[in-house]
2 protein chains.
Amino acid sequence: MAASNILEQPFINITNIIWSFDHTTNRVNILLVKRDNQPYNGYWALPETFMRFQESADEAALRLVKEKIGMALSGSHTEQLATFTNKLRTPGDRTLSLAYMTFLPDKPQLKAGYGASDARWFSMGYADNCYTFSDGQQTFQTAISSTETMFYAKFAKANLDPTKHLAFDHEWILKIACDRIRNKLDYQPNILLVLGAKFTLKDARMVYSPFLKTPVNKIDNSNFKKSHNKLFTDMGTTTENRPGRPARVYKLAAL
Amino acid sequence: MAASNILEQPFINITNIIWSFDHTTNRVNILLVKRDNQPYNGYWALPETFMRFQESADEAALRLVKEKIGMALSGSHTEQLATFTNKLRTPGDRTLSLAYMTFLPDKPQLKAGYGASDARWFSMGYADNCYTFSDGQQTFQTAISSTETMFYAKFAKANLDPTKHLAFDHEWILKIACDRIRNKLDYQPNILLVLGAKFTLKDARMVYSPFLKTPVNKIDNSNFKKSHNKLFTDMGTTTENRPGRPARVYKLAAL
DNA sequence: AGAATAAAAGTTTTCAATACTTTTATTTTT
DNA sequence: AAAAATAAAAGTATTGAAAACTTTTATTCT
């Protein structure tokens, strides 16, 4: 732990994928920021920050959320995704990214940015090979390569168009994030925290839909209920003032 | 990315959980080293190293293997586990651990240590609450706390006995590792790489046994075969010179 | 040759996932 | 106010995989 080791170490930053849900469009969203410094100046990217000595990585991830959204956020949940260390991931100095995911309830308004010229919510969709994220003007997508080696080999050679591609290896990070969420849908669907404290089965199916690459009405409500009754707790209330039979209201069961 | 940021960053090290299999005892093993520097001097620990600027984290993890085992290792496989960043995890300076797992075929002989006074294989067992690792003299176990917060709260207060506890938060890291392996047993059992290129169903069940906390003969061979026939490929050969009906030989199916 | 051993192979039972149908509770329209 | 439309709950039937258990086969040991 001698001081001479310090300079030999790579830089560390925290990347946070911030998820939310728009109740008017019924769409899952992520937050992207437009970079206004080098490298990848002018590119859209996942929010990032350098880690400070006194804070834990989780705290740094939450700091990113506060900078973009402002105010204390009750009901949000942050979890680790993975650490990205590939040598090809940054053009200059080596930088590791500790990636986190935060699930925000509902879809908070965004504040004026810090270190970014713009910040917007991008709503999630899906294609055959990947997931898509669009703000109405531009659409970005997750990496298509299936292995890390394949992704970085292509990535290192490419000269990316900033209107079509995210900065750094963020398309890869986003792919890993979506895959992780999809894998946990059956046993620990933390992504549902974007719905807030309570939700209906329809709400939950709206969130599942893009991850499963299936339209909501193809996800059978009855079967969905049966296969999730250990994970969801019936709150005893129902929705009101909506066409059709009132829907029961659920919350995530405590682990 | 100014130089002033460097000193504000925590230290990074690589921790590697190195798994192997002893074909004479039919037991899964991990490598532990006895530390001979501060902090935790004299404690048994998972192999660790500082990360060098030029290498990727995976390469650093492999360097640890080479230092302990020597020689090039064909058929070994390294994968990322998680990054440990809790503020309470190191007593002095903040140090992050990027944890990896390496699955070595069979059980290589150990070389004289680098930066450790001893290095030994510890064979895996299980108890009600945890997994155990013993070299015949001492037995260590994985953390019993079920959440990170609970673990570090206890850990920060405790004054650990070096004959009963591992250095740092390594009991927690080891718990996360065992849980991860158990969860992947049904769809990506990379842990079977400790058996080498080919194995029988009995071999595979011997590896599964401690993770499932079930004696081998309670894991039904017939059912085991059926539920793994997509994951295993029959190599067409059988074992020889052993009592009983010859066993078919399998390999891991390519993902 | 016969016993012991160990694994493959087969059979039955159970349970959960999936597909599909009916009923119920509300709003909207006439 | 009755009828239609809507949307969700609730129920039923089918399928398939996991688990429990039994039988058969191939080898070594005595």
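As a basis for the values below, the full set of heavy atoms in this structure was taken, side chains included, without hydrogen atoms, waters or symmetry mates. Letters A, B, ... mirror the listed sequences (proteins, then strands); counts begin at 1. Note that the coordinates shown come from a computational prediction; the quantities given were computed from them, not determined experimentally.
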Enumerate the residues from residues 223-231 of chain A whose closest heavy atom to DNA chain C is under 4.0 Å, giving them by residue number; use none for an empty result.
->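 Residues of residues 223-231 of chain A under 4.0 Å from DNA chain C: A:N223, A:K226.
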
Taking only residues two or more places apart in sequence, or in another chain, which ones meet [X] in a side-chain hydrogen bond (donor to acceptor under 3.5 Å, both in side chains)?
X: A:T233; answer: none
X: A:S145; answer: none
X: B:T102; answer: B:N16, B:T78

Who passes side chain to side chain contact (heavy atoms under 4.5 Å, CB included) against A:P246, sequence neighbours left out?
->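 For A:P246 the side chain to side chain contact (heavy atoms under 4.5 Å, CB included) partners, ignoring immediate neighbours, are A:T238, A:T239.
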
Could you check how far [atom1] of [X] sits from [atom2] of [N], rounded to whole Å?
X: B:N217; N: C:dA6; atom1: CG; atom2: P; answer: 11 Å
X: A:I219; N: C:dA17; atom1: CD1; atom2: P; answer: 16 Å
X: B:N221; N: D:dA18; atom1: CG; atom2: P; answer: 16 Å
X: B:N26; N: C:dA6; atom1: CG; atom2: C1'; answer: 14 Å

Starting at the 5' end of nucleotides 21-30 of chain C, put B wherever the base has a protein heavy atom under 4.0 Å, S where only the sugar-phosphate does, and a dash everywhere else.
-> ---BBBS---

Determine all donor-acceptor pairs shorter than 3.5 Å in which one atom belongs to a side chain in residues 179-186 of chain B; sequence neighbours excluded.
| unit_1 | atom_1 | unit_2 | atom_2 | d |
| --- | --- | --- | --- | --- |
| B:D179 | OD1 | B:R182 | NH2 | 3.0 |
| B:D179 | OD2 | B:K175 | NZ | 3.0 |
| B:R180 | NH1 | B:L81 | O | 3.4 |
| B:R180 | NH2 | B:L81 | O | 2.8 |
| B:R182 | NE | B:Y131 | OH | 3.1 |
| B:N183 | ND2 | B:D179 | O | 3.3 |
| B:K184 | NZ | B:Q188 | OE1 | 3.0 |

Test salt bridge (Lys or Arg N to Asp or Glu O under 4.0 Å) applied to [X] - qualifying residues, sequence neighbours left out:
X: B:R27; value: none
X: B:K107; value: B:D22
X: A:D220; value: none

Would you jot down, in residue-number order, the residues of residues 198-208 of chain A having a non-hydrogen atom under 4.0 Å from DNA chain D?
->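 Those residues whose heavy atoms fall under 4.0 Å from DNA chain D, taken from residues 198-208 of chain A in numerical order, are A:L201, A:K202.
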
Sequence neighbours left out, what passes ring-ring contact (aromatic ring centres under 6.0 Å, His included) with B:F122? Give chain and number order.
->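 Only B:W44, B:F140 meet the ring-ring contact (aromatic ring centres under 6.0 Å, His included) criterion with B:F122.
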
Could you tell me whether B:D118 and B:R120 make a salt bridge, using a distance below 4.0 angstrom between a side-chain N and a carboxylate O?
->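 B:R120 and B:D118: salt-bridged.
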
